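These numbers were taken from a predicted model, which means no experiment stands behind them. Counting starts at 1 for both ligands and their atoms, following the listed order.
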Amino acid sequence: MTIGRFPHTRLRRNRRDSFTRRLVRETTLTTDDLIWPIFITEGTGVETDVASMPGVKRVSLDRLAAHVAPAAELDIPALALFPITPPELRDEKGTEAMNPDNLMCRAARLLKQEFPEIGLIGDVALDPYTSHGHDGLIVDGYVVNDPSVEVLKDLALNQAAAGIDIIAPSDMMDGRIGTIRETLDAQGMVDTRIMSYAVKYASAFYGPFRDALGSGGLLKGDKKTYQMDPANSEEALREVALDLAEGADMVMVKPGMPYLDIIQKVREKFAVPTFAYQVSGEYAMMMAAIQNGWLDRDRTILESLLSFKRAGANGILTYFALDAARLLLKG
Ligand SMILES: NCc1[nH]cc(CCC(=O)O)c1CC(=O)O
Ligand SMILES: [Mg+2]
């Protein structure tokens, strides 16, 4: 590579006008990159705010179609669904996860009927259903791996049968991708996709999400025995390699902004569809500053999402999906 020198070479020339800035732009963000996570809740006529996530709602099924309509109009490709299970339906084993008429399954059927073109992503983990708020089964105070995988595979099957298009295991048990793939295939669901939360860190940035679900107060201890240590990046590559070998179609890195280095490494090494989750704590952090007038809302949203694309992400799960899609339309 020949590198020019000042004064012949001036990098500001290409920045001078909008037309050259557009021509030399290396990365673009489009609506096709956006996945919108939504919280669904039991009851009728319910639309409650999540205190730590200003602008984000928990919505009951009778209001769900109206809630999702703007996403359909804006042509957002997919939604990630998160059910809120009332405490009386939670138990040690997360039994409600396997109920074919649970909130998640009812929401999936409703959305498939109303908006057949929108992809549905189902989170597979036990934490919305357990009384202890952990993602797997607990034996003697420890989240056990293989018995948890057995349950998670039933949970995945239940969701796929209800019409979930993309199964997204977020539990971080070893071997769950392989078991889920085999089970889906054995049931003839060979086209149900798997987006693995392959690289999920034991992060402080999930706090507001746990508030939204009501699992934060229930959670005993932390998730460090199954979610990754934020200090590690080589281990992230091993996690991705294993999940791909087990049949994952797409992989995810989570959280997002504090882990852009991981997204870049994963995409460079494996060249597979790689997604980032801009999680609840990132949303809360930005919204707090935006609401204080300390950051410019529109520019902050778009810059944060563009940074994921620059790092190599193919798409982003973001609570800003609707806002971003509207901003992108405005151009
Ligand atoms: N396993 C459940 C799950 N799926 C997505 C998130 C977090 C998403 C967010 O913070 O926006 C979590 C929380 C957790 O692992 O405790
Ligand atoms: Mg793994």
Side-chain angles (χ1 to χ4, degrees), residues 35-39 50 52-53 56 58 80-85 94 97 104 121-130 132-136 143 145-146 148-149 151-152 155-156 159 167-181 194-230 232 235-248 251-259 266 275-287 316-321:
I35 296 170
W36 190 32
I38 56 177
F39 297 110
V50 179
S52 48
M53 300 177 75
V56 173
R58 307 175 184 89
L81 307 182
F82 294 98
I84 295 157
T85 311
M104 183 74 163
I121 302 178
D123 194 87
V124 169
L126 283 184
D127 58 317
Y129 311 100
T130 49
H132 45 70
H134 277 288
D135 295 20
V143 175
N145 196 85
D146 299 12
S148 295
V149 171
V151 179
L152 290 162
L155 195 174
Q159 289 188 3
I167 295 295
S170 70
D171 55 285
M172 289 299 279
M173 298 303 120
D174 287 320
R176 89 278 206 219
I177 300 298
T179 301
I180 290 172
R181 184 72 270 161
I194 298 179
M195 177 189 284
S196 174
Y197 286 72
V199 185
K200 179 170 174 181
Y201 288 92
S203 172
F205 288 93
Y206 309 147
F209 173 96
R210 294 178 191 167
D211 291 345
L213 249 61
S215 53
L218 300 173
L219 184 65
K220 295 188 184 75
D222 55 46
K223 300 191 177 183
K224 288 181 186 169
T225 72
Y226 47 105
Q227 298 179 348
M228 274 184 57
D229 183 341
N232 296 352
E235 187 186 348
L237 301 180
R238 299 181 72 199
E239 283 285 5
V240 171
L242 284 169
D243 285 2
L244 290 173
E246 290 174 32
V251 295
M252 193 203 296
V253 174
K254 176 184 173 197
M257 282 190 348
Y259 297 88
V266 167
F275 291 81
Y277 198 145
Q278 184 178 51
V279 299
S280 57
E282 300 173 64
Y283 178 87
M285 191 165 71
M286 284 191 274
M287 281 306 289
I316 310 115
L317 290 91
T318 173
Y319 301 97
F320 287 120

Are [X] and ligand 1 in contact, using a heavy-atom cut-off of under 4.0 Å?
X    : answer
Y277 : yes
E282 : no
K254 : yes

For ligand 1, which atoms sit closer than 4.0 Å to a heavy atom of [X]?
X    : value
R210 : 14 (C), 16 (O)
D123 : 2 (C), 4 (N)
D135 : 1 (N)

* Between V124, N145, D243, which is the residue that forms a side-chain contact (heavy atoms from CB on, under 4.5 Å) with R176? ->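 Among the candidates, only D243 passes.
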Among Y283, F209, F320, side-chain contact (heavy atoms from CB on, under 4.5 Å) partner for V56 =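 The single option meeting the side-chain contact (heavy atoms from CB on, under 4.5 Å) with V56 is Y283.
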Protein residue, atom and distance nearest to [atom], heavy-atom basis:
atom                    : answer
atom 2 (C) of ligand 1  : D127 OD2, 3.0 Å
atom 14 (C) of ligand 1 : K223 NZ, 3.3 Å
atom 10 (O) of ligand 1 : S280 OG, 2.7 Å
atom 3 (C) of ligand 1  : K200 NZ, 3.4 Å

- request: Give a yes/no answer: is there an N/O/S atom of E239 under 2.8 Å from the Mg ion (ligand 2)?
  value: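 So E239 does bind the Mg ion (ligand 2) by this criterion.
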Residue portion contacting ligand 1 (non-hydrogen atoms closer than 4.0 Å) for V279
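Both parts.
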Quick one: does ligand 1 sit under 4.0 Å from the side chain of A125, the backbone, both or neither, non-hydrogen atoms only?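 Answer for A125: side chain.
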Kindly indicate whether the side chain of [X], heavy atoms from C-beta on, has any atom under 4.5 Å from the side chain of [Y].
X    : Y    : value
L237 : V266 : yes
S203 : Q227 : no
Y277 : S170 : no
E239 : M172 : yes

Could you tell me if K254 sits above the aromatic ring of Y206, with its cationic atom closer than 6.0 Å to the ring centre and no more than 45 degrees from the axis?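 Verdict for Y206: a cation-pi partner in K254.
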Proximity winner for atom 13 (C) of ligand 1, if only heavy atoms of F39, F209, Y201, Y197 are counted:
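Heavy atom nearest to atom 13 (C) of ligand 1 belongs to F209.
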>> When you measure from the side chain of E246 to the backbone of D174, do you find a donor-acceptor pair of N or O atoms at a distance under 3.5 Å?
In response: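 Answer holds: no.
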Exercise. Is the closest side-chain donor-acceptor distance between D127 and S215 under 3.5 Å?
Worked result: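 The answer is no; no qualifying pair exists.
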